[in-house]
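Residue numbering restarts at 1 for every chain, and letters A, B, ... go by the order of the sequence lines.
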Amino acid sequence: MKTITTEYFLHPGDEAAIQAIRKIPGFEKLLDYISKNSYEKVDLVQRTCCSLQLTENNAPKIIQMYARIGKAFGLEETPKVFLRRSYAMHNEVVGIHSPCILISSSVLASMNKEELETFLVADIAGFVAGHGTYAFIRRLISEFGGFLPVPREVLEIFLTAMNAWAKQRYYTYDRARMLYSDNYELVMRLIGFGEAPKEIMAKTDLDARIEQARSFSQMTGLQSSLKTASVLTKDKPWNAMRLAEMYNWVESGIYADIKEELQ
Amino acid sequence: MGTGIQLTLSNAPKVYAAFEHAKEVLDFDVPVDLYCYRAYDPAFQAYGTDRYFIGIPDSTIRMFTPTQWQFLFGQCITALKGKMTEMLSLANAIEYSTHFLPLETGKVLVAPLGQWKRKAQLTLDRGGLLACQDYDEVMRYLNWVSGVPARDLDSIDVYNRVEEIIQSTKEDKGIADTVGHVKNTVFSARNMSSRERFLELYNWYESGTYAKIVREHT
Amino acid sequence: MIHYDPKGLQAPDYEHPADRIALAAVKKIPLLDTMLGWVMDYHTKSGDYQLAALNDIRVTEHTYPRLYKLYQTALDRLNMEVEPKLFIKNEFSYNGYTTGVKEPYIVLNSFAVGEPTDEEFLYLVGHELGHVKSGHVLYSSMVNLIYSFIKSNTPIPPIITEGVSLSLLSWSRKSELTADRAGIIAAGGINGAEQFMMRFMGKSANNRYVDFSTDKITQQIESFDDMQGQLTNKAVYWLLVSMQTHPMAIERLREAQAWAKSSDYKLITERFDLK
């Protein structure tokens, strides 16, 4: 199989946001330089002191999973991996130049090997797609925005726009997982993984979830406005939206065409 | 609805059965949708005015027994039946708006509201006990609220705990203790303390009122 | 129950030398003990203690036998003069605290008690008892009080307030190393301390993919030591930790391991029959 490059899995909304940054001459290089010489140094020290580093020595299966995923996505060197105690069912990748992956302890406690390997695709795919740059901009605005001579409301608008991009990432992750695993049922199961205990998820019909997603996406009037407003400040989309996106991507035949091209 | 997993008879039969049992006992024949979502804090949330929902953190299902689920559902149904969800939302909105008032005016205004919210918890506890009709299991749940981790809930004698609480109410308190006690009960905007909940439920149970209600409605 | 033997283990037998020196300097401030002791006691009794008494479960022989038995073991091993009341609070983090000067009490979070093993619990409660035994409680309460005062709108110039904060917090971090040593003694060895500290670093139950044996973390401790040898990394570390009350987990782990292997620890365990 060919290397899965970004053109195959980047969601159009995500791609547009990343291209907007890349169109500013030298901006990405400047951010890379700042990140490399400041935050990444601090993050590495912080992680080494506060989080357990996962290596071939103490977590060989995880490192090997990342190596396989990296190979599939054209990444030669796997980022450093650290463990983070968290109830959340998502990982974080920090840094642009030399990123660190922070794996949530809940992810490792809940998933079997197949689920975990597919889940971890997002960490590599996100890095390859250049999400680190956007995440770094969000971080800078959150931490230093107060020092800028702009009204708070303007910053809030900017952060809301960044959150809009942040939500698009998840559609990209789901597509990358689908291309890596070629397992529709598994990818759909990973959307919202952990929202209910495993025995309940196992009995939850995928069609029922898709139907729930369809009802949700078809809300109108006040409910629709409330639905939009309630996620403005969040950096994660509704699971129902992700299910609907993935369903449409597969049903439309786009996925099948891409898969054929990658063979 | 956007994030959670809807619970039905087919994917969560035990949870759904506990819910149906509570509905039947409390005579609440209104459709309610159940949604499970990921959260460590196992507090059920009841919502809705014309269409009702109950949000169930996944941790609740793992940590507690079916009888304790009935208790928690009983609390939610009591809140929905008594229109307390609307009143609680209104109370919270009023409290929030008083932040913009000068000096401590806000705190004085919301003190009665805060007291109502605290007392409402006692009504919810009674509704929950009636729904499950298992005093020991409810006391075990309150032990969890007090800090006992799930792994030790079964090994702790709930009656010893109640005895300890009753004894503590009879102990002499110094000035500082009394000030603190009043500050954290009468003038507190925090949730009702677990000790107060234990005592109230114990007194209600021991008084015979609970047994009388169960007898009359069986 | 009486645990104290005047000929038994005393705090100076295991205190971290940096803690002892720093605390001696703090104690030289005149009238601090008397003034603050009264204020802190009243404040604690009328506030935090009542919250604990109202909301949390107190560990006694009848209410929580499993933990009570372990608590008595820790009290015996540390040769405690007082038996602080122990409360468990419904809170989702691996933490606990000790407060109250004349009548100290300990509050541990339910998360810190639910998952960890008995050995880890002994380390945690021993850590808190170590604060009581070494007389840290007044001064750590003072750290919190002064730090909050400094961070509020005070007319005192920042150069003074930051300087005072830095020195108080520096002592606070040293005191945590002493308390860790007390925790190791209470747990009867380093294992409980190591495993509990790994929880700060991400260890959790049901994790089949990671080997949490402490020999595997040696590489990371060595990386930390290498980092400390580089000026930039050392400066970054100091910036990260200077305004914290606790050292970072890896430093605590390294200090704990070093002390557990030392002749001092061996002498203590033999002299007081603590194995």
Side chain, backbone, both or neither: which part of Met89(A) has a non-hydrogen atom closer than 4.5 Å to chain B? both
Measure Leu7(B) against the heavy atoms of chain A and call it side chain, backbone, both or neither at under 4.5 Å. side chain
Assess the pair Phe64(B) and Tyr141(B): is the distance between their ring centroids shorter than 6.0 Å? yes
Could you tell me whether the side chains of Tyr40(B) and Asp58(B) share a donor-acceptor contact shorter than 3.5 Å? no
Looking only at Ile56(B), Thr8(B), Ile5(B), most heavy-atom pairs under 4.5 Å shared with chain A are made by Ile5(B)
Ring centroid separation Tyr173(A) to His90(A) under 6.0 Å: no
So which of Cys36(B), Ser59(B), Pro13(B), Ala12(B) has the biggest tally of heavy-atom pairs under 4.5 Å with chain A? Cys36(B)
Verify the distance criterion only: is there a donor paired with an acceptor across the side chains of Thr160(A) and Asn163(A) at less than 3.5 Å? no
